[in-house]
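Written below as structure tokens is the structure these notes are about.
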Protein chains: 2
Amino acid sequence: MRAVALNLFARHGYAAVSMRQIAGEVGVQAGALYNYTPDKQSLLFDLMKDHMDQLLGAWSEHPAAPNAVAALEAFTRFHIRFHAARPEAVFIAYMELRNLSPENFLVIEKLRQGYEAEIETLLRQGISEGVFDTPDPKIATRALIAMLNGVNTWFREEGRLSLPDVEDLYWSMVRKSVAV
Amino acid sequence: MRAVALNLFARHGYAAVSMRQIAGEVGVQAGALYNYTPDKQSLLFDLMKDHMDQLLGAWSEHPAAPNAVAALEAFTRFHIRFHAARPEAVFIAYMELRNLSPENFLVIEKLRQGYEAEIETLLRQGISEGVFDTPDPKIATRALIAMLNGVNTWFREEGRLSLPDVEDLYWSMVRKSVAV
DNA sequence: GTCTATATTACGATAGAC
DNA sequence: GTCTATCGTAATATAGAC
């Protein structure tokens, strides 16, 4: 059910997908879904929460880098790979925030801010090492994440560029954009 | 009606907003709206089409720059200012693409590609002038636009940074990211 | 645990009076 | 040009049989 919901929410949007549609693709009647989720809102929240937990978990398990440049490169490649591997979850995580209840939104938003804070710390380390030059690390972090998130709007497995190609192209731009 | 629809679609999403809601905020009954639009889909399409026409029109009226660096700076500042001035239309233009009918989607997508093509041309000019170094201008264009679009996710008029501040920060990153 | 059936509410769109 | 009223449909969620 969750896999089906993820796919349908990503393709048509949370509000445009009915419990009947999800049930139809799962192969059961709509009523049966309520054995697995108390309501449609919880289904959306669980999908987004899981995604953010996996993102933060995967990044926290990443090996430490010897210096800020290496750390930023590791982040760039990690972020691209992680997001390219789960385009549907990413799409939902950024597009369906406004369909979360206020309480649920706060939970997800806090997780997102946590991720952002890690990258900001990384930029600040590079500044103190003297290898990065960016006057506002908070804004620079958001700019970089937005740039990297953009990959998912066009990247296709079967396209002209391989994922390592994409990583190289973006790392080149990321590196230069905050360079001294 | 269109102003109200723009606001409600941006806040709650096209699928989650009813004609009754729009009518309520306009101050009429739902039936009266159909004197101004044949249906809800046309209402969405017209909002998005107008936005794209205004974007392309405003950029085409922009004075020519003496060289590629000046042109890229002009684009960066134009894009940020234009988008910051109409956050609701921008939000809809990027979030409601999947709620367009297939024919309507093609129209909007073609306009979007036209905008992208102009920026790509600009990057290619800088490469031939020897002032830009980016191995894949198409991807670099998308990366830059994604980065600049990100401004709208956090910028607030009353915030810590003024719009000229934001322009300066982003222009610094854009410039360096494609520099030789 | 899934089914059928249904309660309740809301949707987009239209008809016809004024 | 807006209103009230309504058609036909579909939504979320629940109840109770099996």
Side-chain angles (χ1 to χ4, degrees), chain A residues 1-51 88-89 91-93 95-108, chain B residues 1-51 88-89 91-93 95-108:
Chain A
M1 174 190 68
R2 290 160 60 97
V4 167
L6 189 77
N7 178 260
L8 287 176
F9 288 167
R11 274 163 49 203
H12 308 295
Y14 171 78
V17 173
S18 69
M19 295 298 272
R20 281 174 177 78
Q21 263 180 283
I22 298 170
E25 292 228 352
V26 170
V28 296
Q29 292 300 313
L33 297 181
Y34 291 86
N35 288 314
Y36 301 95
T37 182
D39 50 40
K40 194 183 168 191
Q41 168 69 208
S42 301
L43 183 51
L44 174 64
F45 174 70
D46 288 345
L47 292 173
M48 295 179 69
K49 175 75 160 57
D50 271 14
H51 172 69
E88 295 175 335
F91 202 65
I92 291 171
M95 303 274 282
E96 304 295 356
L97 286 168
R98 63 186 168 184
N99 286 313
L100 288 173
S101 69
E103 317 85 73
N104 287 343
F105 174 80
L106 286 179
V107 175
I108 300 296
Chain B
M1 172 190 65
R2 291 160 58 97
V4 167
L6 189 76
N7 179 259
L8 287 176
F9 288 167
R11 275 163 47 204
H12 308 294
Y14 171 77
V17 173
S18 69
M19 294 298 273
R20 282 172 175 80
Q21 259 181 286
I22 298 169
E25 291 228 352
V26 170
V28 296
Q29 291 300 313
L33 296 181
Y34 290 87
N35 289 313
Y36 302 94
T37 182
D39 49 41
K40 193 184 171 191
Q41 167 70 206
S42 302
L43 183 52
L44 173 63
F45 174 69
D46 289 346
L47 292 173
M48 294 177 71
K49 176 76 161 56
D50 271 15
H51 172 69
E88 294 175 336
F91 201 66
I92 290 170
M95 302 274 281
E96 303 296 355
L97 286 169
R98 62 185 168 185
N99 285 314
L100 289 173
S101 69
E103 320 84 73
N104 286 344
F105 174 79
L106 287 179
V107 175
I108 300 296

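So that the names make sense, note that chain A is the first sequence line, chain B the second, and so on, each numbered from 1.
B:Tyr36 has a side-chain polar atom (N or O) that falls below the 4.0 Å cut-off from OP1 or OP2 of D:dT2.
Residues passing the salt bridge (Lys or Arg N to Asp or Glu O under 4.0 Å) test with B:Arg98, sequence neighbours excluded: A:Glu96. Judged as a side chain to side chain contact (heavy atoms under 4.5 Å, CB included), and not counting sequence neighbours, the contacts of A:Tyr34 are A:Met19. Listed by chain and number, the residues in a side-chain hydrogen bond (donor to acceptor under 3.5 Å, both in side chains) with A:Lys49 are A:Asp53 (sequence neighbours excluded). For B:Asp50, the salt bridge (Lys or Arg N to Asp or Glu O under 4.0 Å) criterion is met by B:Arg2, not counting sequence neighbours. Applying the side chain to side chain contact (heavy atoms under 4.5 Å, CB included) test to B:Ala93 and every residue at least two apart in sequence or in another chain returns B:His51.
The list of side chain to side chain donor-acceptor pair (under 3.5 Å) pairs with a residue in residues 3-15 of chain A, not counting sequence neighbours, reads A:Asn7-A:Arg11, A:Asn7-A:Glu88. Listed by first and then second residue, the side chain to side chain donor-acceptor pair (under 3.5 Å) pairs that reach into residues 15-28 of chain B come to none, sequence neighbours excluded.
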Exercise for review: Report, as a single string ordered 5' to 3', how protein heavy atoms within less than 4.0 Å touch nucleotides 4-18 of chain C: B base, S sugar-phosphate only, - not at all.
Suggested key: B------BBBB----
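In this structure, A:Gln41 contributes its side chain and A:Leu100 its backbone to no donor-acceptor pair below 3.5 Å.
Comparing the end axes of the helix from C:dG1-D:dC18 to C:dC18-D:dG1, each fitted to five base pairs by superposing C1' atoms of four pairs onto the next four, gives an inter-axis angle of 0° (nearest 10 degrees).
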